[in-house]
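I have placed the structure first, in the form of structure tokens, so that the comments after it can refer back to it.
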Amino acid sequence: MEILTYMTEYGYEQLIACYDRVSGLKALIALHNTTLGPALGGCRMYPYQQEDDAIVDVLRLAKGMTYKNAAAGLNLGGGKSVIIGDPRRDKTEALLRAFGRFVQTLGGRYYTAEDSGTSVEDMDVMRSETDYVMGLSTSGSSGDPSPVTAFGVWRGMKAAAGECLGDESLRGRTIALQGAGHVGFSLAQHLAEEGARLVVADVDGTKAERVAREFGAETVDPAVIHAVPCDIFSPNALGAVLNGRTIPELKCRIVAGGANNQLATEADGDELERRGIMYVPDYIINAGGVINVADEMQGQYNRDRAMKKAAAIHDNVRRVLAIARQEGIPTYLAADRLAEDRIARIGQLHQMYMPR
Ligand code: NAD
């Protein structure tokens with residue numbers, strides 16, 4: 001892969017390859033854009049078969065964080081890291097500490113946090129070597145982000161319902177939940193409290209059953225959850241769930257959920273638009289998690305403050321929908337525009353000299 005050509009095309013700042021002889025650590029850290037502040041993005045651990053796969057993944061994920069952080073109104077840039085290895089087999093204290101040391105060398109240009117394949121406990125280990133890690137298990141840290149993510153998704157759903165269905169209330173609305181994990185369960189609770197009718201599916205049947213038992217939801221086969229007739233289809237499991245196979249089968253007015261990277265391709269975003277289905281861009285509506293962890297940067301973490309900021313996802317969804325309407329563009333492009341405009345506007349401020 002022509003790395004510098006790729007970085008030039010998509011505006012990346014830096015890609016760091018890390019190797020530690022003692023622990024065997026092989027990792028990559030990508031910084032996409034730090035106009036708004038230090039880059040924040042999790043550390044993924046995955047047994048990539050090819051180095052190029054790891055490079056493409058870390059670059060793609062770092063760029064995604066630039067957009068998510070900017071659109072959420074955070075003073076943070078976008079970055080991400082990957083450790084190449086099997087988290088079940090290759091993870092050792094030495095490896096995690098070696099990674100922490102590399103993060104420290106960046107002097108605060110990059111903050112790491114947990115992601116798939118790493119845990120809060122792993123962040124505690126990295127903390128022995130770096131000041132620039134968030135989401136620790138200690139009190140005063142931000143802890144499990146999923147209740148804040150779910151709260152933000154619920155708020156965003158209401159904004160979308162107001163625009164698309166003419167009423168923000170979800171009472172009596174049918175919502176199909178794909179995934180009843182951390183985010184899905186917590187979201188189901190908000191929706192049930194509001195009086196929504198829930199249909200749920202999870203490949204882990206016990207999780208779907210729990211939502212059925214606690215919130216009176218109906219369970220269906222995971223293979224058909226996207227095709228359930230409903231007002232809102234809410235993906236809270238995996239990525240690329242909106243694709244050429246599923247979109248023709250959707251029977252909803254709105255898609256709004258917490259899962260990352262819901263669109264398999266940009267063309268799928270265009271197709272939803274063509275079919276008159278309102279897609280609420282994933283990184284706008286699921287920003288509660290990053291809003292939660294970023295609150296640690298205010299000094300002492302404060303859950304009430306984080307919740308208040310996550311509540312504003314409602315207004316952010318409205319903003320994106322307004323851009324889409326005014327400019328006649330699909331919502332996923334409107335979200336990108338919101339993020340890019342903020343980066344451009346705030347970036348210009350930096351041209352003015354400020355005595356410190
Ligand atoms: P989780 O692992 O707790 O839950 C995911 C659930 O989806 C699991 O119960 C799993 O069994 C189920 N699942 C997997 N494949 C499925 C399928 N084909 N059909 C139905 N169910 C399926 O994860 P989570 O923390 O709840 O996160 C869910 C999604 O939201 C992920 O895409 C994650 O990246 C994204 N997200 C989470 C947060 C957060 O704060 N946890 C923040 C932002 C984005």
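The shown structure was predicted, so the numbers you read here are calculated from the model rather than taken from an experiment. Counting starts at 1 for both ligands and their atoms, in listed order. No hydrogens, no waters, no symmetry mates; every other heavy atom, side chains included, goes into these values.
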Nearest protein heavy-atom contact for [atom]: which residue, which atom, what distance?
{"atom": "atom 25 (O) of ligand 1", "value": "His182 CB, 3.7 Å"}
{"atom": "atom 9 (O) of ligand 1", "value": "Asp202 OD2, 2.7 Å"}
{"atom": "atom 4 (O) of ligand 1", "value": "Gly181 CA, 3.3 Å"}
{"atom": "atom 27 (O) of ligand 1", "value": "Val183 CG2, 3.9 Å"}
{"atom": "atom 42 (C) of ligand 1", "value": "Thr149 OG1, 3.4 Å"}

Looking only at the side chains, is there a donor atom on one of [X] and [Y] sitting less than 3.5 Å from an acceptor on the other?
{"X": "Thr246", "Y": "His226", "result": "no"}
{"X": "Ser141", "Y": "Glu296", "result": "yes"}
{"X": "Asp282", "Y": "Tyr332", "result": "no"}

Going by the atom numbers of ligand 1, which of them fall below 4.0 Å from some non-hydrogen atom of [X]?
{"X": "Gly258", "answer": "30 (O), 35 (C), 36 (N), 44 (C)"}
{"X": "Lys207", "answer": "8 (C), 9 (O)"}
{"X": "Leu238", "answer": "14 (C), 15 (N), 16 (C), 17 (C), 18 (N)"}
{"X": "Ala259", "answer": "29 (C), 30 (O), 32 (O), 35 (C)"}
{"X": "Val203", "answer": "11 (O), 13 (N), 14 (C), 15 (N), 16 (C), 17 (C), 18 (N), 19 (N), 20 (C), 21 (N), 22 (C)"}
{"X": "Pro145", "answer": "40 (O)"}

So is there a nitrogen or oxygen of [X] less than 3.5 Å from a nitrogen or oxygen in ligand 1?
{"X": "Asn286", "value": "no"}
{"X": "Lys68", "value": "no"}
{"X": "Pro222", "value": "no"}
{"X": "Gly184", "value": "no"}
{"X": "Gln178", "value": "no"}
{"X": "Ala180", "value": "no"}

[X] side chain vs [Y] backbone, donor-acceptor pair below 3.5 Å:
{"X": "Arg127", "Y": "Thr130", "value": "yes"}
{"X": "Asp122", "Y": "Ser119", "value": "yes"}
{"X": "Thr66", "Y": "His32", "value": "no"}
{"X": "Thr174", "Y": "Arg197", "value": "no"}

Quick one: look at [X] and ligand 1, take heavy-atom pairs under 4.0 Å, and tell me if it's side chain, backbone, both or neither.
{"X": "Asn236", "result": "backbone"}
{"X": "Ala201", "result": "backbone"}
{"X": "Asn260", "result": "both"}

Minimum heavy-atom separation for [X] to [Y], with atom names?
{"X": "Gly258", "Y": "Asn236", "value": "N-OD1, 2.7 Å"}
{"X": "Ser142", "Y": "Gly135", "value": "OG-CA, 3.9 Å"}
{"X": "Gly257", "Y": "Ser234", "value": "CA-OG, 3.4 Å"}

query: Would you call the rings of His190 and Phe151 parallel, tilted or perpendicular if under 30° counts as parallel and over 60° as perpendicular?
result: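 Answer is tilted, since the angle falls between 30° and 60°.
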query: Looking at Glu271, Glu273, Glu266, which hits side-chain contact (heavy atoms from CB on, under 4.5 Å) with Pro330?
result: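 Exactly one option meets the side-chain contact (heavy atoms from CB on, under 4.5 Å) with Pro330, and it is Glu273.
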message: Could you check whether atom 2 (O) of ligand 1 has a protein contact, counting only heavy atoms that fall below 4.0 angstrom?
response: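 It does not: no protein heavy atom is found less than 4.0 Å away from atom 2 (O) of ligand 1.
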field: Residue selection (non-hydrogen contact nearest atom 32 (O) of ligand 1) among Gly239, Ala237, Pro235
entry: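 Result: the heavy atom closest to atom 32 (O) of ligand 1 is in Ala237.
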message: Name the residue from Glu163, Glu194, Glu168 that meets the salt bridge (charged side-chain N to carboxylate O under 4.0 Å, His left out) definition with Lys158.
response: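 Only match with Lys158 under salt bridge (charged side-chain N to carboxylate O under 4.0 Å, His left out): Glu194.
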